[in-house]
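Please read the structure below before turning to the comments.
Letters go in sequence order (proteins before strands), and every chain restarts at 1.
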Amino acid sequence: MAIVKIDAVGGYEGQSVTICGWLTHKRSSGRIRFLMLRDGTGTIQATLIKGETNEHALDLYSELLQESSLAVTGTVRRDKRAPGGYEILVSDVEAFQVADTYPIAPKEHGVGFLMDHRHLWLRSSRQWAILHVRHTVINAARRFFDDQGFTLLDAPILTGASCEGTTTLFETDYFGDRKAYLSQSGQLYMEAGAMAFGKVYCCGPTFRAEKSKTRRHLTEFWMIEPEVAFADLETIMKLAEALIVAIVEEVLKTRQQELHLLERDITRIEKIRPPFYVISYDEALQILKDAGESLPWGEDFGGSQETIVSNHFDKPVLIHRYPAQIKAFYMKNDPDRSEVALCLDVLAPEGYGEIIGGGQREDDTAILKEKIEEAELLAEDFKWYLDLRRYGSVPHAGFGLGIERTVAWLCGLEHVRESIPFPRLMDRLYP
RNA sequence: UCCCCAGUAGCUCAGUUGGCAGAGCAGAUGGCUGUUAACCAUCGGGUCCGCGGUUCGAGUCCGUGCUGGGGAGCCA
């Protein structure tokens with residue numbers, strides 16, 4: 001007897017198969033009974049009829065509660081009345097386990113309750129769709145870099161120093177006499193990698209101890225961070241655009257069913273084709289001014305300002321050359337205009353905010369030393385980083401793409417917490 | 001850290017002017033020969049978030065704490 005996955009039953013019409021899965025639902029009408037089964041690849045209706053199904057299975061039916069784990073054996077039939085087009089005419093049912101009363105009913109639930117049951121919530125069709133899109137986003141991004149000759153170079157998660165202030169760092173004890181921090185970014189290490197391999201990227205979790213309670217923030221989130229030697233801002237802007245295009249194409253190609261299930265307006269994603277919009281910080285300020293939300297030059301955008309700018313466009317918008325004073329110490333200043341940094345942010349459409357941040361790195365030892373001092377960082381922590389400029393410094397650039405915000409945007413989610421299997425938020429470490 | 005909202009059955013919620021604690025779903029029992037979140041009937045199920053106060057009487061009003069949600073600040 002073949003054990004068949006639900007998404008493959010179409011190839012077994014008329015044959016007897018066994019499907020192993022979980023009970024999502026059951027219904028009955030007189031002597032005919034229905035089990036809805038889920039196995040991770042899809043759902044299918046199994047039909048029990050007196051006379052065709054054995055007595056053991058008919059008796060078992062009445063004991064089964066939602067999420068009981070089952071092996072269902074029967075004949076695959078095409079039937080218009082069955083959701084999905086195929087059903088199993090059951091000959092026998094065995095239970096691996098009869099579930100206790102399942103807390104998540106097929107009705108509505110509040111966010112807090114679902115988050116407390118995240119380990120079970122993952123079984124619902126909506127989460128199935130979202131996390132499939134996440135899988136594809138990560139895979140598409142990695143394939144994009146692999147195909148262009150990048151080397152995957154994983155960055156450490158435990159680090160000895162902060163690259164920004166210590167206020168947003170998670171601190172942990174390191175063998176009693178020292179402190180270690182959870183990485184906020186793999187970037188500095190990718191710079192070292194770029195000097196060794198030319199083109200590198202990392203993909204992994206990063207941590208921010210920001211006390212942010214918004215729909216765009218997690219304390220643990222994943223980034224894909226490429227870094228390229230002999231590259232300037234323009235090169236990296238082209239790379240950022242091409243990466244997003246590659247991700248969108250792959251999601252549209254392989255995740256139609258998931259997007260449909262999420263009731264995502266696919267036409268808005270189909271618009272995401274090159275070229276994207278490219279504006280300077282100064283031009284973004286003008287857009288805000290025209291919208292009646294003037295901001296003095298030198299200030300960073302808040303969430304509402306980002307939304308105003310991104311709503312101005314139907315595709316992602318690349319914003320370059322922010323004031324140097326609001327950007328990190330390692331950003332290279334524009335030689336033609338020293339008050340701005342050669343940096344790049346990409347805002348997703350529909351108010352999903354910044355999905356990419358990056359730019360060209362400072363490659364001059366003396367200037368970088370100065371900037372480290374200005375940022376009041378410990379010079380000795382960055383000795384190795386300065387070495388990269390002492391031994392064959394080259395122009396180089398890179399960026400980080402936030403996985404969760406990208407997934408939230410493509411899926412049309414209201415909050416990034418659904419775009420990662422087990423979200424970590426300011427007040428939530430369970431489950 | 002600040003602002004706003006909420007906390008009543010396992011879940012989602014209603015509860016009028018302060019006067020006997022309610023519905024739908026889930027669960028149990030029974031009915032129905034093709035159901036689509038089936039339907040119909042019956043039944044069980046309560047620390048009304050905690051503490052304090054006002055009152056003859058508090059789910060309801062006041063104070064306070066806790067928890068959750070939304071937002072702000074913050075966010076290379």
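- Within 4.0 Å (heavy atoms only), A/F34 reaches at least one base atom of the nucleic acid.
- Using C1' as the reference atom, B/U54 and B/C43 are 41 Å apart when rounded to the nearest Å.
- Residue contacts for A/E225: at a heavy-atom cut-off of 4.0 Å it reaches no nucleic acid atom on any strand shown.
- Summarising the geometry, the separation between CD1 on A/I326 and P on B/C74 is reported as 11 Å, rounded to the nearest angstrom.
- Taking atom CG on A/L48 and atom P on B/U35, their separation rounds to 16 Å, with Å as the unit.
- Here A/R428 reaches the OP1 or OP2 of B/G69: one of its side-chain N or O atoms lies under 4.0 Å away.
- Remark: the separation of the P atoms in B/C20 and B/U29 is 35 Å, to the nearest Å.
- Annotation: B/A58 and B/C51 have their C1' atoms spaced 15 Å apart (nearest Å).
- When both distances must be under 3.5 Å, the Watson-Crick or G-U wobble mate of B/A9 does not exist.
- When the C1' atom is compared between B/G53 and B/A14, the two are found 28 Å apart, to the nearest whole Å.
- Across all strands shown, A/D79 has heavy atoms under 4.0 Å from base atoms, whether or not it also approaches the sugar-phosphate.
- In this model, no donor atom of one side chain and acceptor atom of the other lie less than 3.5 Å apart for A/D282 and A/Q286.
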Would A/T73 and A/T18 count as a side chain to side chain donor-acceptor pair (under 3.5 Å) if you check the C-alpha gap in whole Å, the side-chain angles of each, and the deciding distance to 0.1 Å? CA-CA 4 Å; A/T73 301; A/T18 295; 2.9 Å; yes
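- Distance noted for atom P between B/C56 and B/C13: 37 Å (whole Å).
- Atom-to-atom, CG of A/L23 to C1' of B/A37 comes out at 14 Å; the value is rounded to the nearest Å.
- A/K50 comes within 4.0 angstrom of nothing in the nucleic acid, heavy atoms only.
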So A/R134 and A/E258, salt bridge (charged side-chain N to carboxylate O under 4.0 Å, His left out) or not? Walk me through it. CA-CA 11 Å; A/R134 177 190 174 92; A/E258 284 82 356; over 6 Å; no
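- The nucleotide B/U55 finds no pairing partner, because no Watson-Crick or G-U wobble arrangement with both distances shorter than 3.5 Å includes it.
- Using the six-membered ring where Trp is involved, A/Y385 and A/F329 have ring planes that are perpendicular, over 60° apart on the 30 and 60° scheme.
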Nucleotides 26-32 of chain B: which of its N/O atoms have a protein N/O under 3.5 Å away?
unit_1: B/C32; atom_1: N3; unit_2: A/G30; atom_2: N; d: 3.1

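- Closest approach to the A/R27 side chain among B/G70, B/A37, B/G34 is made by B/A37 (side chain taken as heavy atoms from C-beta onward).
- Looking at the side chain of A/E210, the nearest of the listed nucleotides B/G70, B/C75, B/U35 is B/C75.
- Applying the side chain to side chain contact (heavy atoms under 4.5 Å, CB included) test between A/S419 and each of A/V407, A/L410, A/V133 identifies A/V407 as the sole match.
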Do A/E306 and A/R405 pass the salt bridge (charged side-chain N to carboxylate O under 4.0 Å, His left out) test, and can you show the C-alpha distance, the side-chain angles, and the key distance before you say yes or no? CA-CA 14 Å; A/E306 271 186 12; A/R405 287 185 185 178; 5.3 Å; no
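- For A/F113, whose side chain is taken as the heavy atoms from C-beta onward, the closest listed nucleotide among B/A72, B/U12, B/G34 is B/U12.
- If you take atom P in B/A41 and the same atom in B/A26, they sit 14 Å apart, rounded to whole Å.
- Distance check on atom P: B/G57 versus B/C40 gives 45 Å, rounded to whole Å.
- Atom CG in A/L114 sits roughly 15 Å away from atom P in B/G68 (whole-Å rounding).
- Nucleic acid contact class of A/H415 (heavy atoms, under 4.0 Å, all strands): sugar-phosphate only.
- Heavy atoms of A/K211 sit under 4.0 angstrom from at least one base atom.
- Going from atom NZ of A/K213 over to atom C1' of B/A6 covers 12 Å, rounded to whole Å.
- Ring pair A/Y201/A/F150 is perpendicular by interplanar angle, where above 60° counts as perpendicular and below 30° as parallel.
- A donor N or O paired with an acceptor N or O is found under 3.5 Å between the base of B/C74 and the side-chain atoms of A/S212.
- One can place CG of A/D116 at 13 Å from C1' of B/C11, the figure rounded to the nearest angstrom.
- With both ends at atom C1', the span from B/G73 to B/A9 equals 40 Å, rounded to whole Å.
- Between the CG atom of A/L425 and the C1' atom of B/G69 there is a distance of 12 Å, rounded to whole Å.
- Ring orientation note: the planes of A/H117 and A/H119 are close to parallel, at an angle under 30° on the 30°/60° scale.
- Where A/I32 and A/G302 each meet RNA chain B at their nearest nucleotide, the meeting point lying more 5' is that of A/I32.
- Checked against B/C74, B/G34, B/G69, the side chain of A/R77 finds its nearest nucleotide in B/G34.
- Atom CG in A/D427 sits roughly 12 Å away from atom P in B/C66 (whole-Å rounding).
- Within the 4.0 angstrom heavy-atom criterion, only backbone atoms of the sugar-phosphate kind lie near A/G110; the bases stay farther away.
- With a cut-off of 3.5 Å on both pairing distances, the Watson-Crick or G-U wobble partner of B/G50 is B/U64.
- Aromatic ring centres of A/Y322 and A/F301: separated by under 6.0 Å.
- Residue contacts for A/M36: at a heavy-atom cut-off of 4.0 Å it reaches no nucleic acid atom on any strand shown.
- In this pair, A/Y277 and A/F313 present their aromatic rings tilted. The plane angle is within the 30 to 60° band.
- B/C39 is paired with B/G31 under the criterion used here, namely a Watson-Crick or G-U wobble arrangement in which both key atom distances are under 3.5 Å.
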